[in-house]
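These notes concern the structure reproduced below.
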Amino acid sequence: MEHPPDGAPHGATGGPGTADPLSPEAFGETEFRLLGPVGLHDGATGSGIVPSGPKQRALLSALVLHADRLLSVDRLTEELWGDRPPTNASNALQAHVARLRRLLPERGGGSRGHEWISTLPTGYLLSLGPATTDVERFQRLSALGRAAVSADPGYAVRLLRHALSLWRGPALQDSRLGPLCVSEADRLEEHRLTALESLYEASLACAQHGQITGELEKLTVDHPLHERFYDLLMVALYRSGRQAEALGVYERARRRLVEALGIEPGPALRARLEAVLNHAPDLSAPSRPHPGGGPATLSEALELGGEVARLQRRIDELTRSQEALVRRYDTMVARLAGGPSVQRVAP
């Protein structure tokens, strides 16, 4: 089993053998997976499907990231070939789309792949329908976790560890050929770092400082210019009775920032140094666990979140169908009104 990058926490679902009630396996759903090697889980068979080459993976990634929106031939051509497209780029792209359609599982009893990817006059559109993405699950769980940090840090820790466990490697791994995937991978990485910050803030609020120092040490090595991780590590070490090591973390951060960027640490990290030197009272660990206000179990929260997400996807799908019917109706009425041989019939 692959673990999340940077030594990110795993085993977030509540203990060994705990089933994830929000996973696609729990509902037999198909899920597109972009948080690591790109592929998908086939809900009907339970098998994994992985596109064979980097262009196939990049094409699938771009279409999934822009699901239910048209991607033009020009943008997809740039994504796959950059500024050196083949002589007949539209035919080459069409061939890649056809190959991807053959790879995708059947949906709704129709021909393989064609329910997923539609060919439009100026490009292609992938429709998710009832399928999910691991990006959607991560964003939903991490948003819930961040919102719970102040009110119920223990619940936030469980949600955020679960969200981070969805990462199987760098986002869009081996698929970042063009600007669409590169920019989205960078954005997702920023969201992951934000989730990590919130996780360790909540962990400190739960007096788990002794359990997280190793994880934070690794994060400062993997992200040597990210000041917030040094800040959190200094607090965890101080609360563990390791003041001298906390001061050493500040010096390490300062040295790296000066060598790499020619700047001193920012105000937040300097304030943390002063707090450690002066034994500031607010650095003390909480005396008792924070009262919980979230759902009784993580499973209940995940089940509720999953049901809300499925209802929202169904509402979105019905809205798109209604909009398409309205456009078709308007077109037919306009043709009826403007046709030279059509006579209006009185009601």
Side-chain angles (χ1 to χ4, degrees), residues 23-77 79-80 90-139 166 171-178 180-181 184 188 306 309-325 327-328:
S23 70
E25 291 88 347
F27 298 98
E29 294 178 340
T30 293
E31 180 177 77
F32 292 91
R33 294 176 172 172
L34 308 179
L35 300 179
V38 172
L40 69 149
H41 166 81
D42 184 349
T45 65
S47 61
I49 298 174
V50 180
S52 59
K55 285 186 171 54
Q56 285 281 288
R57 292 192 292 270
L59 176 60
L60 178 61
S61 300
L63 289 168
V64 172
L65 290 169
H66 295 77
D68 301 307
R69 289 175 285 168
L70 171 69
L71 271 180
S72 69
V73 169
D74 289 343
R75 292 188 74 187
L76 287 171
T77 299
E79 187 69 15
L80 298 191
S90 60
N91 283 355
L93 177 60
Q94 186 177 22
H96 276 290
V97 170
R99 195 174 305 129
L100 188 58
R101 279 175 169 152
R102 291 193 294 271
L103 183 68
L104 296 178
E106 294 182 6
R107 190 173 83 180
S111 58
R112 293 180 65 89
H114 283 273
E115 302 85 1
W116 297 103
I117 304 174
S118 301
T119 301
L120 302 175
T122 58
Y124 298 93
L125 179 147
L126 183 141
S127 173
L128 278 180
T132 62
T133 70
D134 58 356
V135 171
E136 178 189 10
R137 283 206 292 149
F138 167 73
Q139 291 176 332
L166 298 176
L172 307 175
Q173 186 173 325
D174 301 327
S175 306
R176 290 171 280 184
L177 298 183
L180 294 177
C181 289
E184 184 64 17
L188 289 170
R310 283 190 292 277
L311 288 173
Q312 184 62 57
R313 286 196 298 273
R314 182 58 178 156
I315 290 170
D316 293 343
E317 188 176 1
L318 290 172
T319 299
R320 288 191 296 271
S321 297
Q322 182 183 27
E323 291 171 349
L325 286 172
R327 287 194 298 270
R328 184 179 177 190

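Just so it is clear, the model here is predicted, and its values are computed rather than measured.
- R57 and S52 get closest at one heavy-atom pair: NH1-O, 3.5 Å.
- Closest approach of S61 and C181 over heavy atoms only: CB-SG, 3.7 Å.
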Worksheet item: Taking it one step at a time, do L76 and V97 satisfy side chain to side chain contact (heavy atoms under 4.5 Å, CB included)?
Response: CA-CA 10 Å; L76 287 171; V97 170; 5.7 Å; no
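- Smallest separation of non-hydrogen atoms from L177 and A58: CD1-CB, 3.9 Å.
- Contact check for T122 versus L70: side-chain heavy atoms found under the 4.5 Å cut-off.
- Taking CG of L65 as the start and CG of L188 as the end, the distance is 7.0 Å to the nearest 0.5 Å.
- The line from CG of L34 to CG of L166 is 12.0 Å long, rounded to the nearest 0.5 Å.
- R101 approaches I117 most closely through the heavy-atom pair NH2-O, 2.8 Å.
- Not a single donor-acceptor pair under 3.5 Å links the side chain of S72 to the backbone N or O of G123.
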Item to complete: Assess whether side chain to side chain contact (heavy atoms under 4.5 Å, CB included) is satisfied between Y124 and Q94, documenting all intermediate values.
Response: CA-CA 10 Å; Y124 298 93; Q94 186 177 22; 3.8 Å; yes
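- Annotation for R75: atom CZ does not count as buried by contact number, only 12 or fewer foreign heavy atoms lying within 6.0 Å.
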Discussion item. Between V135 and Q139, is the side chain to side chain contact (heavy atoms under 4.5 Å, CB included) condition met? List the steps.
Written reply: CA-CA 6 Å; V135 171; Q139 291 176 332; 3.8 Å; yes
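- Between D134 and E31 the shortest side-chain heavy-atom distance falls below 4.5 Å.
- One distance of note links CG of L40 with CG of L104; it measures 6.5 Å at 0.5 Å rounding.
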Item to complete: Please step through side chain to side chain contact (heavy atoms under 4.5 Å, CB included) for the pair V38 and D174, ending with a clear verdict.
Response: CA-CA 8 Å; V38 172; D174 301 327; over 6 Å; no
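- Put simply, the side chain of L126 does not reach to within 4.5 Å of the side chain of L71, judged on heavy atoms.
- Note that the CH2 atom of W116 and the CG atom of L60 stand 10.0 Å from one another [nearest 0.5 Å].
- One distance of note links CG of L80 with CD of Q56; it measures 9.0 Å at 0.5 Å rounding.
- Summarising the geometry, atom CG belonging to D42 is positioned 4.5 Å from atom CD1 belonging to I49; distances are rounded to the nearest 0.5 Å.
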